[in-house]
Amino acid sequence: MTKQSIPVQKNEYIDVVFEDLTHDGAGVAKVQGFPVFVPNALPNERGQVKIIKVKKGYAFGRLVETYEESEYRQTPPCSIYKQCGGCQLQHLSYEGQLVFKQKQVKEVMARIGRLPDVPVHPVLGMEEPWRYRNKAQVPVGEREGGLVAGFYQQRSHEIIDMKACLIQQEKNDEVVQGIKEICGKYGIRAYDEQKHRGTLRHIMARYGLVTREAMVVLVTMKEELPHKNSIIEEITERFPQVKSIVQNINSKRTNVIMGDKTNVLWGEEYIYDLIGDIKFAISARSFYQVNPEQTKVLYDKALEYAQLTGEETVIDAYCGIGTISLFLAQQAKKVYGVEIVPEAIEDAKRNAALNGIENAEFEVGEAEKIIPAWYEKGIKADVIVVDPPRKGCDEALLQTIIDMKPKRVVYVSCNPATLARDLRILEDGGYETKRVQPVDMFPHTTHVECVAVLELR
Ligand code: SAH
C-alpha cells in the first residue's frame with residue numbers, strides 16, 4: 001500500500017471488530033482490509049483501539065475499551081499472567097482455545113498447503129489443562145537479602161519472584177520454593193549477570209508423572225558450593241520424592257542455561273518416567289517431552305495412523321531420545337531411528353535396552369543424509385514417521401521419501417505452517433493427505449502440535 005492509502009494513523013482511536021487471532025495470540029481487526037494486531041483482544045469482540053505503530057502492511061494497536069466481549073473470554077486464573085508472558089491465551093477459555101487451534105490448523109492447510117478439504121479433526125485437549133509441565137527451570141536473583149526465582153520481566157533482566165505457576169506440576173513449584181529457602185538460609189548468593197559473580201544461576205526441577213520421582217539441578221557459576229552437605233541434607237529431608245540432586249556448572253557469560261560439566265551431588269544420575277508401557281531414563285541434560293500425558297495421546301495417534309501389523313520396517317526421522325521409535329517398535333518388525341544430537345541417540349539406545357526392545361536401531365546424523373544412505377544400502381521403509389523441529393523437514397529428506405515410496409507417512413509436527421508446506425511437497429510427489437489431528441500439548445500457550453497421515457496414491 002502507498003502511504004496515502006494506509007487507512008490508519010499513529011495515535012488515532014478507532015472502533016473495530018476483531019475477526020481472528022494471530023499465531024502468537026493477538027487479536028486481528030481489519031480496517032478497510034488493512035490488518036491491525038491488538039494484544040488481549042479476541043475474535044468476535046468489538047472495541048476501541050489506539051493505534052501505536054504503523055508499518056507498511058499492518059499496524060499494532062492497544063485495546064482501550066471492549067464494547068462487546070467474546071463468549072469465550074475469561075478472567076486469567078494466574079495472577080502474574082500479564083507480566084510473565086509464558087502463557088498467551090489465559091484470557092480465552094479452554095474451550096475457546098481448542099476452537100481457535102483447530103481453526104488455525106484448518107486455515108494454514110488451505111492457505112499454505114492448498115489442502116482446503118483435508119479433514120482437520122477437533123483438537124484433542126486435556127481434561128484438566130493445568131499443572132501439566134514436568135520441568136521447571138527458573139533463574140535466581142536476590143531481593144532484600146533473600147533469594148527470588150521465577151522469570152525475567154518482559155524486555156528486562158529483572159527477575160520476578162514466582163511462588164506458583166499454574167501450568168507447572170505442583171511438586172516442582174514446591175521444590176523450587178524449598179530450594180530458594182534452603183539456599184537462602186545458608187547464605188548462597190544469586191548469580192549477578194552484570195558483575196558476573198555470585199553462585200546460584202538457575203534452579204531446575206524435573207518430575208516423573210508416573211513414577212513420582214523428582215530431580216533437582218542446581219546450576220552454579222563455579223564448582224564450589226558452600227554448605228553443600230547441609231543443603232543436600234535439608235533437600236532430601238524435606239522432599240522425599242527427590243531421588244537425584246545434580247549440580248551443573250556454567251561459568252560463561254551467556255543466556256544458555258546449562259554449562260558443560262555436570263556432577264551428581266546425591267542419589268542417582270537418572271530419574272525414570274513412563275509413557276504408556278515404555279520407561280525412560282531422564283538425566284539433567286536429557287530432552288524429554290514436558291507434557292507426558294498429552295505426549296501419550298499424540299504418540300497413540302501416530303501409532304494408530306501408522307497401521308502396523310508387525311511385519312513392517314519403519315523409519316523414525318528426527319527421533320530424539322527414541323520416544324516414538326520405541327512406541328512403534330512394539331508393533332513393527334524393525335525400527336530405524338535417526339537424530340542429529342549424539343547424546344539423544346545415547347539416551348535412545350539406553351531406553352531401548354531398559355525396555356528390552358531389540359528391534360530398534362539408532363544412528364546419529366542428519367536425517368536428510370542418513371536416510372538416503374540407508375536407502376542405498378537397501379533399507380526400505382514401509383512406513384516413515386517424521387517429527388522435525390519447527391522449521392520442518394529438509395527438502396532432500398522429502399525427496400528421499402518420494403523416491404523410497406513407503407506406503408504411509410506419518411508426520412508429527414509442532415508447527416502447522418511448515419507441516420502444510422511439506423504436505424504440499426509430498427502431495428505433489430504422489431501422496432495423499434488423509435487426515436490431520438491436532439493435539440494440545442501446551443494448554444494456555446499458542447502452540448499446537450499435529451499428527452498427519454499420508455498414503456501413496
Ligand atoms: N521425536 C522426538 C523428538 C522430536 S524434536 C520426541 O518425540 O521426543 C525434533 C528433533 O529433531 C530434535 O531432537 C532435534 O535434535 C532433531 N533434529 C534437528 N535437525 C535434525 C536433522 N537435520 N536430522 C536429524 N535430526 C534432527
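Just so you know, residue 1 is the first one in the sequence shown, and it goes up from there. For ligands, and for the atoms within them, numbers begin at 1 and follow the listed sequence.
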Heavy atoms only: give me the nearest [X]-[Y] pair and the separation to one decimal.
X: Asp161; Y: Ala149; value: OD1-N, 2.8 Å
X: Phe327; Y: Ile275; value: CE1-O, 3.5 Å
X: Val105; Y: Pro416; value: CG2-CG, 4.3 Å

So if I count the atoms of ligand 1 from 1 in the order they appear, which ones are less than 4.0 Å from some heavy atom of [X]?
X: Ala367; answer: 21 (C), 23 (N), 24 (C)
X: Cys319; answer: 1 (N), 2 (C)
X: Gly365; answer: 23 (N), 24 (C)
X: Val341; answer: 15 (O)
X: Gln289; answer: 6 (C), 7 (O), 8 (O)

Looking only at protein heavy atoms, which one is nearest to [atom], and what is the separation?
atom: atom 18 (C) of ligand 1; result: Pro389 CG, 3.6 Å
atom: atom 22 (N) of ligand 1; result: Glu368 OE1, 3.2 Å
atom: atom 12 (C) of ligand 1; result: Glu339 OE1, 3.4 Å
atom: atom 25 (N) of ligand 1; result: Ile340 N, 3.2 Å
atom: atom 3 (C) of ligand 1; result: Tyr318 O, 3.7 Å

Below 3.5 angstrom, do we get any N/O pair linking [X] and ligand 1?
X: Glu366; answer: no
X: Ile321; answer: no
X: Asp387; answer: yes

Structural part of [X] in contact with ligand 1, heavy atom criterion under 4.0 angstrom:
X: Tyr299; result: side chain
X: Thr323; result: side chain
X: Phe287; result: side chain

Work out whether the distance between some heavy atom of Ala344 and some atom of ligand 1 is less than 4.0 Å.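 No heavy atom of Ala344 comes that close to ligand 1.
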
Does Ala317 have a heavy atom less than 4.0 Å from any atom of ligand 1?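 No, Ala317 has no heavy atoms under 4.0 Å from ligand 1.
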
Does atom [atom1] ([X]) have a neighbourhood of more than 12 heavy atoms from anything else shown, all under 6.0 Å?
X: Lys103; atom1: NZ; result: yes
X: Arg189; atom1: CZ; result: no
X: Lys82; atom1: NZ; result: no

Passing option when Thr220 is tested against Arg201, Gln247, His202 for side chain to side chain donor-acceptor pair (under 3.5 Å):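 Passing option: Gln247.
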
Does the ring of Phe362 carry Lys349 above it, NZ/CZ under 6.0 angstrom from centre and within 45° of its axis?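 Cation-pi check for Lys349 and Phe362: fails.
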
Arg238 and Glu181 ion-paired at < 4.0 Å: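 Yes, Arg238 and Glu181 are salt-bridged.
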
Does a salt bridge link Arg206 with Asp273, judged by any charged N lying under 4.0 Å from a carboxylate O?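 Salt bridge flag = no for Asp273 with Arg206.
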
Backbone N or O of Arg424 within a donor-acceptor pair of the Arg114 side chain at under 3.5 Å?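 No, because the side chain of Arg114 does not come within donor-acceptor range (under 3.5 Å) of the backbone of Arg424.
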
